[in-house]
Amino acid sequence: MDNNYNSSFKTNNFQRFSELDQKFIKVLKVNELFPNPKNLPIRVSLSELNQIINQYSKLIAVSKKELSTVVINILIPHLFFVTDPNGTVIYMIGQVELMKRLEQTGIGLGTSFDIENSGSNSISFANMVNCTAVMNGPEHTLHFFKDWSFICTPIVVSDKTYGYVSLLFEIDVNMTFAIPMLKKSVEVIERMLSKREVSNTKEEVLALFEVYRLSNREKEVAYRWLENQSVLHIAQVLNIAEGTVRNMLKKVYNKMNVRDKGQFFRKCLGSENKT
């Protein structure tokens, strides 16, 4: 898909997992780079969480401002998750009792919903299709979501995915009414973020890649990965195989001495020592 198609698709449409092309489902369910999604929620350490929250403090601030005006009008049990581009939860708002129930299963601030850690979920799905995504209980990899449904919309500023907003309801609730509401809230968040200064330039990131001696192709793949493009999208744009993209990402991780996407993001965006 080209960028113009993705932009149009995000603006005008939403995608249900049940209607997804089998090729996308295979990529979501069988990820060769990280083949064993856990059956328990993965949470980053407290120190890592504090770094992420500090890095995305602007996103948290504008999300809190917008979503706090929305939740008072939703009368059924619900919960909003706001994540960074890596799918790590950095802010939650909604029904307190629901938060407590999820916390008992290990889900809360710092939980990673990236495909690498949690398999198929609304956030990794939205990353894959680059638009508003809808998933129902059994469609999730993690078994404890079998009674819940999610809607997730990417937050895109200057053609870069800044994070995600995901809305949780019980599975028997008709979620169709919530899709335009979520999209409208995300548009407000995007407008507020677009007024703020972007802290990292492409030139700075490419200079960092030079330090770690990435090849030209590795730089291209790594920068698109940093922009939160999926493996499938990178492969299509660069006209290479998905397996080639995954192998390049493994090499990038090794050269930059990082273990996962979260560490890669933080090193590139200045939350870790770059030397």
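Worth saying up front: this structure is predicted, and the values here are computed from it rather than measured.
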**Asked** Yes or no on side chain to side chain donor-acceptor pair (under 3.5 Å) for Asn136 and Ser149, after CA distance, side-chain angles and deciding distance?
**Response** CA-CA 4 Å; Asn136 294 312; Ser149 294; 2.7 Å; yes

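- In this structure, Met248 and Glu220 have side chains that are not in contact, with every pair of non-hydrogen atoms separated by 4.5 Å or more.
- No side-chain heavy atom of Leu167 sits less than 4.5 Å from a side-chain heavy atom of Leu79.
- Aromatic rings of Tyr91 and Phe81 (six-membered ring for Trp) have centroids beyond the 6.0 Å cut-off, not under it.
- The only option from Val221, Leu206, Val252 that meets the side-chain contact (heavy atoms from CB on, under 4.5 Å) definition with Leu214 turns out to be Val252.
- Distance check, rounded to the nearest 0.5 Å: CG of Leu249 to CD1 of Ile234 gives 6.0 Å.
- Two residues are said to be in side-chain contact when any heavy atoms from C-beta on lie closer than 4.5 Å; Asp84 and Leu59 fail this criterion.
- Minimum interatomic distance between Leu75 and Ile72 (heavy atoms only, all atoms of both residues): CD2-O, 4.5 Å.
- Val96 and Val71 end up in different hydrophobic clusters when Ile, Leu, Val, Met, Phe, Trp and Tyr side chains are linked at under 4.5 Å.
- The two residues Ser122 and Ser166 come nearest to each other via the heavy atoms OG-OG, 2.9 Å.
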**Message:** Test side-chain contact (heavy atoms from CB on, under 4.5 Å) on Leu109 and Leu49; report intermediate values, then the result.
**Reply:** CA-CA 8 Å; Leu109 293 179; Leu49 177 59; 4.0 Å; yes

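- Separation of atoms CD1 (Ile42) and OG1 (Thr88) is listed at 11.0 Å; rounding is to 0.5 Å.
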**Leu67 and Val82: CA distance, side-chain angles, deciding distance, side-chain contact (heavy atoms from CB on, under 4.5 Å) verdict** = CA-CA 10 Å; Leu67 297 179; Val82 179; 3.8 Å; yes

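- Across Lys255, Arg213, Lys250, a single residue satisfies salt bridge (Lys or Arg N to Asp or Glu O under 4.0 Å) together with Glu218, and that is Lys255.
- Ion pair Glu190/Lys184 not flagged as a salt bridge, since none of the NZ, NE, NH1 or NH2 atoms sits closer than 4.0 Å to an Asp/Glu carboxylate oxygen.
- Between Asn257 and Gln263, the shortest heavy-atom contact is O-OE1, 4.5 Å.
- Rounded to the nearest 0.5 Å, atoms CD1 (Ile151) and CG (Leu182) are 6.0 Å apart.
- In this structure, the side chain of Asn127 engages the main chain of Asn228 through a donor-acceptor pair within 3.5 Å.
- Considering only heavy atoms from C-beta on, Ile240 comes within 4.5 Å of Arg217 through its side chain.
- Checking side-chain atoms of Glu103 against main-chain N and O of Met99 turns up no donor-acceptor pair under 3.5 Å.
- For the pair Val165 and Phe80, the minimum side-chain heavy-atom distance is below 4.5 Å.
- In this structure the side chain of Trp225 reaches within 4.5 angstrom of the side chain of Lys261, judged on heavy atoms.
- Atom CZ of Phe265 and atom CD of Gln55 lie 9.0 Å apart (nearest 0.5 Å).
- Ion pair Glu227/Arg224 not flagged as a salt bridge, since none of the NZ, NE, NH1 or NH2 atoms sits closer than 4.0 Å to an Asp/Glu carboxylate oxygen.
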**Message:** Could you walk me through whether Ile155 and Thr161 satisfy the side-chain contact (heavy atoms from CB on, under 4.5 Å) test, starting with their C-alpha distance in whole Å, then the side-chain angles of each, then the deciding distance to 0.1 Å, before giving a yes or no?
**Reply:** CA-CA 6 Å; Ile155 303 167; Thr161 301; 6.0 Å; no

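- Side chain of Gln236 to main chain of His233: no donor-acceptor pair is present (N/O by atom type, distance under 3.5 Å, no hydrogens or angles).
- Formation of a donor-acceptor pair under 3.5 Å by the Asn247 side chain with backbone atoms of Gly243 is found in this model.
- Taking all atoms of both residues into account, the shortest heavy-atom contact from Cys268 to Leu208 is CA-CD2, 3.5 Å.
- Residues Ile76 and Val70 fall within the same hydrophobic cluster, defined by Ile, Leu, Val, Met, Phe, Trp and Tyr side chains chained together at heavy-atom separations under 4.5 Å.
- Residues Cys152 and Phe125 are not in side-chain contact: their nearest non-hydrogen atoms beyond the backbone lie 4.5 Å or more apart.
- More than 12 heavy atoms of other shown residues, nucleotides or ligands fall within 6.0 angstrom of atom NZ in Lys219.
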**Request:** Would you sort out whether Arg43 and Ile107 count as a side-chain contact (heavy atoms from CB on, under 4.5 Å), showing the intermediate values?
**Result:** CA-CA 8 Å; Arg43 297 178 83 161; Ile107 298 175; over 6 Å; no

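- Here the side chains of Phe209 and Met256 are in contact, with some heavy-atom distance below 4.5 Å.
- Checked for salt-bridge contact, Arg246 and Glu242 meet the test: a charged N lies under 4.0 Å from a carboxylate O.
- When all heavy atoms are compared, the tightest approach of Glu170 to Trp148 is CG-CZ3, 3.3 Å.
- Under the rule for a ring pair (Phe, Tyr, Trp, His ring centres under 6.0 Å), Tyr164 has no partner lying at least two apart in sequence or in another chain.
- The distance from the CG atom of Leu102 to the CD atom of Glu97 is 11.5 Å, given to the nearest 0.5 Å.
- Ile123 contributes atom CD1, which lies 9.5 Å from atom OG1 of Thr111 (distance to the nearest 0.5 angstrom).
- Listed by first then second residue, pairs satisfying salt bridge (Lys or Arg N to Asp or Glu O under 4.0 Å) with a partner in residues 60-78 number zero, not counting sequence neighbours.
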**Prompt:** Can Phe169 and Phe150 be said to form a ring-ring contact (aromatic ring centres under 6.0 Å, His included), step by step?
**Reply:** CA-CA 6 Å; Phe169 284 118; Phe150 277 90; 9.7 Å; no

